[in-house]
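Values below: all heavy atoms of this structure, side chains included; hydrogens, waters and symmetry mates excluded.
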Amino acid sequence: MDLKLPELGEDIEEATVLKVLVSEGDRIEAEQSVIEVETDKATLEVPADSGGTVESIEVGEGDSIKVGQVIAKISEGGGGAKEEPSDDTEEEDEEGEEEKEEEKDKEKDKDREVEETAGEEEKDQDKEKDKEVGETAGDGGEEAGGEEDAGAGESEAVPSTGALPVFASPSVRRFAREIGIDLGNVEGSGPGGRLSVEDVKRHARETRADARTGRSPTRAAKPLPDLSQWGEVENEEMSKVRRVTADRMSQSWTTVPHVTLFEKADVTELEEARGRLGEEIEEKSAAGLSLTAMLVKIVAIALEAHPRIAGAVDIAKGRVVRRRYSHIGVAVDTGDGLVVPVLRDVIEKSLPALAEEWGELSVRAREGKLSNDEMRGGVFTLTNLGMLGTGFFTPLVNLPEGAILGVGRSETEPVYEAESEEFVPRLRMPLSLSFDHRFIDGADGARFLHWLVQAMEDPFRLALEVGRPRKESN
């Protein structure tokens, strides 16, 4: 029996083997863990479907394996003599061979079609060279030219994932569709950036290479020069979590036009309230009242008052999705990198419940025991660098969310009071709000941040909102 890597979660196609927990010849029971793997941001063990003897281990520590790949071969009942193939098996083998032959014939036909298509493209490019490079029609966005552009070699503007259209002939577009390539991601080498069959082939080869090596296009960029020529270096392999973080942060920075607003909140009364409430909560629960729990609650209420901030932009479909749930992520620094566990339905939970839930989540996050579901579905992220002494900073939006709040270190500062005409010591906290300017205007972000400041400066407002049911909106 082949033990294969099972489905590990939505959109998860591969994992890295951290440990092999059994050896060849071991007797194992059903549900016994065979290997330990690491996915995007979680570590989990893969159990055996049934008991038996481990005949062979097909993977090793450090290997990148895909869903459905064979992990180990297990003989049920302790193995024994190898069974002779039955007549039915022989018939299945013959059918398999026939199917393979048919596939080979199809591949040959496809290769011939590719060659014919490439020939057509070369002819198209020869015609293109006779025309002015880069000449385009004024308002149509199509390539300008004479009557010879009206045939099968006509280039059409194809919607791309970038800001500008790309140009490709019908034959190139047909070939790209057949092999599943998005032309918007392909760099054209022809005049005016026009795409050829060879451009599509090259992109397909690079994409397959990235898939085999576990790299993504963001990391398949220009490599570093040989830094060892100037002195001693040490190479450290990036962990799975670090690689995923690098990809997502690169995507966020290159995709989202960030705007960051800064403001300080007077949290003197908030900290005093936390002290009083914390003593009451500790009498009823082992979990204390953390500042994180209070900030998460304030953010959830603020999002309900400003639903635009809880949206997500879908550029491909030209719409903004308004999310009506209050799942808030909180960034946690671990030994392997940053993870973001998500507190769900925050608006409906009391502060004691949030404090206890956050205490459990943060511990599992640092131990690498979070499930993938516990890190999905957030509408907003909170990241706190105050414990490291940081003040203002510019956090990056955690896609597909629309905004993120950075919290800095609170410091006692002299604040002038008009009534007493004196400077008094007040505890003030730096806040940095970054948001996606594609669908959140500066005024919307400013109103949201100012609401947060007012709520932090007036704990009574927070007390009125604690544990209340979510308001239904039209």
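- Scored by the ring pair (Phe, Tyr, Trp, His ring centres under 6.0 Å) test, Phe392 finds Phe262 as partners (sequence neighbours excluded).
- Ion pairing between Glu413 and Lys264 holds under the 4.0 Å rule for side-chain N and carboxylate O.
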Residues 227-238, side-chain donor-acceptor partners within the protein, below 3.5 Å, at least two apart:
{"from": "Ser228", "atom 1": "OG", "to": "Asp226", "atom 2": "OD1", "distance (Å)": "2.5"}
{"from": "Ser228", "atom 1": "OG", "to": "Asp226", "atom 2": "OD2", "distance (Å)": "3.3"}
{"from": "Gln229", "atom 1": "NE2", "to": "Asp226", "atom 2": "O", "distance (Å)": "2.8"}

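- Taking 4.0 Å as the cut-off between side-chain N and carboxylate O, Glu269 and Arg426 count as a salt-bridged pair.
- Between Leu289 and Met294, the closest side-chain pair of non-hydrogen atoms falls below 4.5 Å.
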Under the criterion side chain to side chain contact (heavy atoms under 4.5 Å, CB included), I'd like the reasoning laid out for Arg322 against Arg308: C-alpha separation, chi angles, the key distance, then a yes or no.
CA-CA 7 Å; Arg322 304 294 184 199; Arg308 183 183 297 274; 3.4 Å; yes
Go through the steps to decide whether Lys19 and Glu61 satisfy the test salt bridge (charged side-chain N to carboxylate O under 4.0 Å, His left out), and finish with yes or no.
CA-CA 6 Å; Lys19 295 180 183 177; Glu61 295 183 2; over 6 Å; no
Checking salt bridge (charged side-chain N to carboxylate O under 4.0 Å, His left out) for the pair Arg438/Asp436: CA distance, chi angles, key distance, verdict?
CA-CA 5 Å; Arg438 292 178 298 179; Asp436 189 339; 2.8 Å; yes
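- If you check the side chains of Thr334 and Arg366, you find no donor sitting under 3.5 Å from an acceptor.
- Lys297 contributes a side-chain N or O that, together with a main-chain N or O of Lys349, makes up a donor-acceptor pair within less than 3.5 Å.
- For the pair Phe175 and Lys201, the minimum side-chain heavy-atom distance is below 4.5 Å.
- Val34 is not listed as a side-chain neighbour of Val46, based on a closest heavy-atom distance of 4.5 Å or more.
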Give the intermediate values and the outcome of side chain to side chain contact (heavy atoms under 4.5 Å, CB included) for residues Leu431 and Met456.
CA-CA 11 Å; Leu431 301 176; Met456 292 181 188; 3.8 Å; yes
What do the steps show when you test Thr390 against Arg409 for side chain to side chain contact (heavy atoms under 4.5 Å, CB included), and what is the final call?
CA-CA 6 Å; Thr390 299; Arg409 179 182 180 179; over 6 Å; no
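- Residues Asp373 and Ser371 have side chains that never bring a donor and an acceptor to within less than 3.5 angstrom of each other.
- Side-chain atoms of Ser56 and Glu58 form a donor-acceptor pair, as typed in the model, at a separation below 3.5 Å.
- Taking 4.5 Å as the limit, every side-chain heavy atom of Arg428 sits out of range of all side-chain heavy atoms of Val267.
- For His258, the NE2 atom is densely surrounded, since the number of other residues' heavy atoms within 6.0 Å is greater than 12.
- Judged by distance alone, the side chains of Ser196 and Asp199 do bring a donor and an acceptor atom under 3.5 Å apart.
- Looking at Lys73 and Met1, their side chains never come closer than 4.5 Å, going by heavy atoms from C-beta outward.
- Between Phe435 and Phe380, the ring center distance fails the sub-6.0 Å criterion.
- Side chains of Leu5 and Lys66 form no contact here, defined as non-hydrogen atoms less than 4.5 Å apart.
- Between the side chains of Thr381 and Glu401, at least one donor N or O sits under 3.5 Å from an acceptor N or O.
- Using a 4.5 Å cut-off on side-chain heavy atoms (C-beta onward), Val22 and Ile57 make contact.
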Take Leu291 and Arg274 through the side chain to side chain contact (heavy atoms under 4.5 Å, CB included) test and state the conclusion after the steps.
CA-CA 7 Å; Leu291 179 62; Arg274 184 167 76 93; 4.1 Å; yes
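- For the atom pair Ser23 OG and Ile28 CD1, the distance stands at 11.0 Å (nearest 0.5 Å).
- Distance check: Ile35 CD1 to Ile71 CD1 gives 3.5 Å after rounding to the nearest 0.5 Å.
- Residue pairs meeting the ring-ring contact (aromatic ring centres under 6.0 Å, His included) criterion with at least one member in residues 404-424, sequence neighbours excluded: Tyr416-Phe423.
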Carefully, step by step, assess Glu367 and Arg364 under the rule salt bridge (charged side-chain N to carboxylate O under 4.0 Å, His left out).
CA-CA 5 Å; Glu367 293 176 349; Arg364 289 210 307 278; over 6 Å; no
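- Taking the six-membered ring where the residue is Trp, Trp451 and His306 present perpendicular rings, their angle passing 60° and hence far from 30°.
- When each of Ile301, Leu295, Leu303, Leu405 is checked for a side chain to side chain contact (heavy atoms under 4.5 Å, CB included) with Leu452, only Leu405 meets the rule.
- Contact annotation: the side chain of Glu36 never approaches that of Thr16 to less than 4.5 Å [non-hydrogen atoms, C-beta and beyond].
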